[in-house]
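One structure is given below, encoded as structure tokens.
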Amino acid sequence: GFVQQALRSGRRLVLMTFSSMPVGERTILDMAIEACTSEQLVFPPRRLNGHITSTSTLGSLGSLGVAVIAMTSGQDHDPAPPETMTKAKL
């Protein structure tokens, strides 16, 4: 699944949740996409069992972006548009 794929690629995992705060799916996914693409949130790849299993996604400085799990349940008062949903699934 998602977590295993992120760990195999050496990415750090981020969990984003807002409990009962009325933030909205659109805002949550926009923030998650920003976190995944931000050059301020890159780290050297993590090692799994002593080695990195994939280096194909390393940036120019040998760093990786984060992988975000965004918890959006109950935030359907501000749904994300289709283009945001497509970006979020990449």
Side-chain angles (χ1 to χ4, degrees):
F2 178 83
V3 171
Q4 290 79 19
Q5 182 180 352
L7 292 175
R8 278 194 304 272
S9 70
R11 293 183 184 276
R12 304 299 204 273
L13 292 173
V14 174
L15 175 63
M16 186 182 305
T17 181
F18 292 91
S19 185
S20 60
M21 294 172 53
V23 176
E25 182 184 68
R26 175 190 312 256
T27 302
I28 293 170
L29 292 180
D30 284 344
M31 289 190 302
I33 291 167
E34 177 65 26
C36 288
T37 59
S38 172
E39 291 189 18
Q40 295 178 349
L41 287 174
V42 294
F43 300 91
R46 295 196 70 159
R47 298 189 180 281
L48 182 64
N49 297 327
H51 65 284
I52 301 167
T53 58
S54 173
T55 58
S56 62
T57 57
L58 290 178
S60 60
L61 299 176
S63 297
L64 291 167
V66 297
V68 177
I69 299 171
M71 309 296 277
T72 62
S73 179
Q75 302 294 337
D76 52 356
H77 61 275
D78 184 23
E83 60 270 10
T84 298
M85 294 300 292
T86 299
K87 285 181 186 177
K89 292 178 183 177
L90 294 177

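For Ala67, the side chain to side chain contact (heavy atoms under 4.5 Å, CB included) test picks out Phe2, Ala6, Arg11, Leu13, with sequence neighbours left out. Residues that satisfy the side chain to side chain contact (heavy atoms under 4.5 Å, CB included) test with Thr17, not counting sequence neighbours, are Met71. With sequence neighbours excluded, the residues that form a salt bridge (charged side-chain N to carboxylate O under 4.0 Å, His left out) with Asp78 are Arg26.
Remark: the backbone N or O of Thr72 is not paired with any side-chain donor or acceptor of Glu25 at under 3.5 angstrom.
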Which donor-acceptor pairs under 3.5 Å do side chains of residues 30-45 form with protein atoms, sequence neighbours excluded?
residue: Thr37; atom: OG1; partner: Ile33; partner atom: O; Å: 2.9
residue: Thr37; atom: OG1; partner: Glu34; partner atom: O; Å: 3.4
residue: Ser38; atom: OG; partner: Gln40; partner atom: N; Å: 3.0

Let me check something: any side-chain donor-acceptor pairs from residues 83-90 under 3.5 Å, sequence neighbours excluded? List them with distances.
residue: Thr86; atom: OG1; partner: Pro82; partner atom: O; Å: 3.1

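Taking each heavy atom of Leu29 and Ala80 in turn, the nearest pair found is CD1-CB, 3.8 Å.
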